[in-house]
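A, B, ... follow the sequence lines: proteins, then strands. Residue 1 opens every chain.
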Amino acid sequence: MKKNLSFVIALVVTAALAAVPLFVKKDSLLTYLCMILLYVSLASSWNILGGYTGQVNLGHSAFFGLGAIATRLLWFAGWNILLAMLVGGLLAIAFALLIGSPAFKLRGAYFTIGTLALGQILYATVGNLFPQISSMPVQDLISYTLVTRYYLFLAVALITVLAATLVANSRWGLGMMAVREQEDAAESLGVNAFQHKLLALVLSAFLAGLAGGAFAFFQIGYYPQYPFSPIWTLDSTMMAYIGGTGTILGPIIGAIFFVVLKEVLSLNLAEFHPTVFGILFILVVLFLPGGFMGLWKRIKDKQQKKRESMAELSHP
Amino acid sequence: MLKLTEIDTFYGDLQALWGISLEVREGEMVSLIGPNGAGKTTTLQSITGLLRPAKGSITFDGHDLLKVPPDKIVDLGVSMVMEGGRVFAGMTVLENLELGAYGSRARKERFETMEHVFKTFPRLKERLNQRAGTLSGGERQMLAIGRAMMSKPKLLMLDEPSFGLAPILVDAIFEMVKGINKQGVTILLVEQNVRAALELADRAYVIENGRIVGEGSGEALLSYESVRSAYLG
Amino acid sequence: MLQPLAQNIIYGILIGALYGLAAVGLSLVFGVSKFLNVSHGELLMLGGYASFWVFKLLKIDPFLSIPLTIIFLLLIGFIFYRLIFSRLIKLEVEKKIQNSLLVGFGLSTILQNVALRLWTADDRSITTAYSGLSFELAGLRLPAVRLISLAISVVALISLQIFLKKTFTGKAIRATVEDWQSASLMGINIHRVYLLAFVIGCALAGVAGTLVSICYSIDPSMGLNWTLKSMVVMVLGGLGSMIGTFVGGIILGVTESATAFFIGGNYRLIAGLLLFLIILIFRPQGLFGTKEGDR
Amino acid sequence: MLLQVEKLNKAFGGLKAVNNVDFSIQSGEIVGLIGPNGSGKTTTLNLLTGFLKPDSGSIMFDGKEIAGSPRCSMCGNGIARTFQLVKPFLNLTAVQNVMIGRTFGKEATMNLKLAEEDSFSILEKVGLRSRAYVLAKDMTLMQRKRLELARALAAKPKLLLLDELMAGLNHAEADEAMETIREIRASGITILIVEHIVKAIMGLSDRIIVLNMGEKVAEGTAQEIMYDPRVIDVYLGKSHA
Amino acid sequence: MKSKFGVALVILLLVSLMATSCAPKAVETEAPVVTEAPATEAPAETEAPAVTEEATYPPAPEFIELGSSISLTGNFGSLGNLILPGYQIAVEHINAEGGVFVKEYNTKIPLRLTYYDDESDPTKAVSKMETLFSEHELTAYLGGGGSSMHAASIPIAEKNKVPYLGISFALYKIHQQGYKYLFSPFPKSPNQTEDVFKILNEAIPEGERPTKVAVFAYNDDWGKEWGGLVKERAPEYGYEIVVYEENPVGVNDWTAAIQKAKAAGAEMLLTLPIFPDGSGMFKTMAELGWTPKFSLVIRAPEGVNWGESLGKIGEYVTIFPGWHHGAKFEGVDKLNARYEELYGRPADLLTGPAYACVQILAQAIEKAGTLDRDVIRDTIASGEFSTVIGKVTFNADGTGNVLDPLIQWQNGKMELVWPAEHATAPLIYPAPAFEDR
């Protein structure tokens, strides 16, 4: 009953999003929606490893960047864009498998610092190997349409959210959460912690790689190093935390809140908007553990308790 | 001297103590015995301020300990040796002892106190500049007790001083504890070696599941069947 | 070939000392309170700007203005601790590391933005009358400014070491690092120790920032890079050992310089990070650490 | 013979935590493993469940050598455990906690619907049916212990290892727990129960093994153990006065 | 605990309130642009046929809109801050005469320049370029400073089909991508890398020439192109490259490179650092005691802060800036006078070419007689323009045919030292050792 309702809501939202380009003709607004969708993909894919499996990964941009660079090169070489994106995703998986075993030897803060360093290594290496800007060829520029990009971002975001939902509600998802909550207990029940972490990493990497591919298709000119920038990781992490890690809706809400708030702040506060944003973020971390989803849950719990105590009163 | 009245203490969300009341009079040696997880350590930690009871009162020498910040409790003359001693392994024996006299009251007289401690534990003087981590188990326990003595306590609380020690050392440690008590320091002892604890103590409390279930003089309890049954049934 | 290499290694040591100094502050804070303060690099930047403006506006020599920088950073540290970090101390270790990390990101966003707006994105550096001066020793050049910087780093480190080893307060800090519960039983106010360690860490970052502004240059976005370097050095040297951390910084500096010399400047950053990852995986307690390093 | 342990050894540094311990458990038994603090009970348990690798010795379980197998394979072998300091999945609901046991243990099912139904009935058994949707972190110690028991049961073990299940429970709660354990045995599961005090399990165990300083000092029925002078010395200590 | 939570809640509520109350405002500010755009366009379209009736012209737009995304802060900020005044003064001078005469409207229309600071971030530059296009009826873009910034911006101009005039980038590669709307009246890498050897061979007798060359390049677009060309050209003119070092931009530690140059006995330095790297490089050179007899340092010393921050260490370096205020062309005096008024010194190196961009545009619009961007583009491509940097024509790839003067820092000032007919001072060679300054 409840599941059906959320399914219907999801369907309606998807349909609405698909219809957006019919009504929105302004490029700047559409670009803006593209960014939200991109961030939904990034934050949701980060959340699979960081939220559901509890491994705070600060090298997420590496996967995003790998997807972007592979897609861009293949696409320029004449490949079909979807095929190129798939290869981008697979490249991200290959890298995830490569680093998985050494990375998961590290625990807690060490994993976090280690992944941050890994991301930086890739960032610097790509900067060295591909120092030149990647500009769309003139003939592609002429045929450039934003609507195509919008639908691609929408598709990637849908795939990501769908994949996250499926995994979260599967046996694997249960295992991941068990690993996050209590690795010893999980292992004692037969959950292979390493396998689950690796699976989460691979899935997270693949989805981030796809998002990178969409970005490569979207951006007219950029330095190949740019998608590897730690900014992408930090932004996705912040979004997931603001919305609520370990939930499906959290990163989505976080991404929307993040992008919209940033835009609103930058329109109204001009140049000091990152400051206000930083303050807000700190407030969320300090006072809203569990992000917006956590807050929502607490409000619901309180109401529940009130209802229960009311019920008790009426049945003395 | 020390009086706990009806205290309830929680570990996070979990209640560990239910209405514990006990009293230690000046100069006494009191034992607190009970099985694993009964709440002995929790009781001591509630007194030192490491944990704060949710309910009840603790008074020491007329001070309400619940209103004293944890770092000032030592200054009042309450000192505790935690289970396993917990010496600062990376620091030298001397530094460990100095830290024992961190409180402002004890710091002024730390040199005299240290000489006094050396009399009780001559081994420590030999190892003065060695890192505490390199000491043997028995020496560590001595250091832990010596360190606690450095604060010039009126009440010394010991949590399982015999834990993990060879029997011969256990005897030695208990001798030293007895000696300290004779010097006029009141002692509250938590010990799993029930017989030794009861023989040493003037009085004892039996604690089970976070509640006091028995109280009496050491000898009385020793012969009291319920103590044996608390362990063996 | 040998002489240029030796010269190059000297420069590696000189910059390594700055890495070390920056990392010592971070390491101290992490060791005592388990706050992984990722806005450490931004604190360094603040220190750099403080010296720069004092030099530019009041014409006070940057080396002489270090006490002012220290006071400034102590104040900043005090405010940040009271407003923000003190709210995290009750959390369990893992959560504390994670949340301090996140809060740090927020702080670094704020500090970067404020610096950008106050002082523009331009690179700044301090050039004194004696910049460029150097002594020659056995055919090797020893640059004056960097030598003084090295000396100041060493003095800062030794003062810290003396403070930690000889004073009661310093011992209290070390005791808290080892076992905060025991420390608390000694009558040590551990909250005060946390605060103290935090502000000392900030002050060290400030000193490092001053030296960076003299030897290199500063700009509002420099923070992340220095935070990362500090974290690398902190792990490299091993947690809990100040001297180890400092030596770790020098090792990183020399590694980078040697890489630039033998392979090329493009790879210096990567070589340092790779060294870090290798050590993290095979010796997580660091080169000089003794404790098991999984906390 | 379900479990046969021979010459099991484990040392930490110089300390022999488990020293040449032999014992065995028959199918359908409830065996108690007791001893004072630091006697090696929990180490033994950790060796049996793969949390520690033995230095030497053999552990035959159900006709298979399992010494040194990875800990996540133990559940598949048919051994489940609870923890001395309870380790529930705090931010998951009770039913999710149990489902993890059901979907990963022995006879693990991929069918989440089925797993959920089974989990409800297991929660019913331990008396937590009404708390199925409560997060583990909002539960009392007693409830957490029951939850951990339910989780282990959901893994359908042949041998269930209970580590100080009774610690911290009051008399009434302990009695309830003993009743539950008897029911579990009745359903055909063999149980090894580790306890600090003999009393807690004397009415329960068919046989009791006593450890001290890493060595086995006695074995027998509860009555035999209670009056064994070696055991009394172990527990109450020799006189030191 | 509860109260703290409450406080946070209140703050969040306030912010979300602020967000919601501001959101409609944001739409409002955008709304006029949307509604007015057709309003201004509509008359133009409907009245267009009226042109056939003589003497009636469509109402002229209020301004000829020029847009620029320019780095005023960050790595390229020192360049942007020299370029922007050039644009502004040129606009001011042209508007002082009523603007540009456009035949289509039979009236003079003033110019209006809208610019954004892109903070030396190429991605920001891209978004600023798009914003300029969507928020204003642009006639042309004026570029910012620095090759990588241009490389990011130009595709946007091309996509939007708006003429783009940019200076302060020597990157040649951009011109080979087939962009039709790009024009740059500025010397390019092929000119610079050839001219330096030509000038040295003309100015210095054989035997005294600094034939051992050290090249400190960057691992980026321009660095690689420039370094490659130097390697190619040096042997042709009798020079040997003894050290070739590459660093990523912003790694301001050149110790290893300097060491190698010193060890190899290099006599000449060719490099193109951004400001912080350049100043770090010269401080280290002084410390290590390596003084090249001749240094060509493109980019870093182009701003006045080079002299201010380096003092004697920064003396004697030479630059190919594209222009100098001593150049003897028409209009230079007027520019210098105005610049002096505003900034207390004669026009800076990049100010002239920037000024010229606006001159070229104004002349092209007047020739074209319309604000149609495609017509203007064609006019720029085919015409000859007379500016403060001399006569300018453009090649098919958008590069300009312009003079490439050499400048040297002497006594804290930049002196034009080549070509001889424009020179304000003779070239000082060899440069005295750092210790002896």
Where on C/L91 is there a heavy atom nearer than 4.5 Å to chain A: the side chain, the backbone, both, or neither? neither
Distance check, rounded to the nearest 0.5 Å: C/I173 atom CD1 versus C/I190 atom CD1? 13.0 Å
Can you confirm if the aromatic rings of A/F215 and A/Y222 lie within a centre distance of less than 6.0 Å? yes
Contact list (residues 267-277 of chain C to chain A, heavy-atom gap under 4.5 Å, by number) returns C/Y267, C/L269, C/I270, C/L273, C/L274, C/F276, C/L277
Crowding at CH2, A/W296 (>12 non-hydrogen neighbours, <6.0 Å): no
For C/V114, which atoms come within 4.5 Å of any heavy atom of chain A: side chain, backbone, both, or neither? both
Among C/F80, C/F35, C/F78, C/Y194, ring-ring contact (aromatic ring centres under 6.0 Å, His included) partner for C/F85: C/F35
Give, for atom CD of A/Q120 and atom OG1 of A/T115, the distance between the pair rounded to the nearest 0.5 Å. 11.0 Å
Less than 4.5 Å to any heavy atom of chain C: does that hold for the side chain of A/I121, its backbone, both, or neither? both
Decide, yes or no, whether a salt bridge links C/K34 with C/E94 under the criterion of side-chain N to carboxylate O below 4.0 Å. no
Do C/Y19 and C/F246 have ring centroids that are under 6.0 Å from one another? no
Compare all side-chain heavy atoms of C/T109 with those of A/F281 and state whether any distance is below 4.5 angstrom. no
For A/V285, is it the side chain, the backbone, both, or neither that has a heavy atom closer than 4.5 Å to a heavy atom of chain C? both
Where does A/L234 contact chain C at under 4.5 Å (heavy atoms): side chain, backbone, both or neither? side chain
Side chain, backbone, both or neither: which part of A/I279 has a heavy atom under 4.5 Å from chain C? both
What part of A/P131 gets within 4.5 angstrom of chain C, counting heavy atoms only: side chain, backbone, both, or neither? neither
With distance as the sole criterion, is a donor-acceptor pair present between the side chains of A/H60 and A/S45 under 3.5 Å? yes
Using a distance-only test with no angle check, is there a side-chain donor-acceptor pair under 3.5 angstrom linking C/S108 and C/S39? no
Contact class of A/T125 relative to chain C, heavy atoms under 4.5 angstrom: both
Salt bridge check: are C/K229 and C/E256 linked by an N-O gap of less than 4.0 Å? yes
What residue, out of C/N266, C/L116, C/V103, has the most heavy-atom pairs lying under 4.5 Å from chain A? C/N266
Using heavy-atom distances under 4.5 Å, tell me whether C/L88 contacts chain A through its side chain, its backbone, both, or neither. side chain
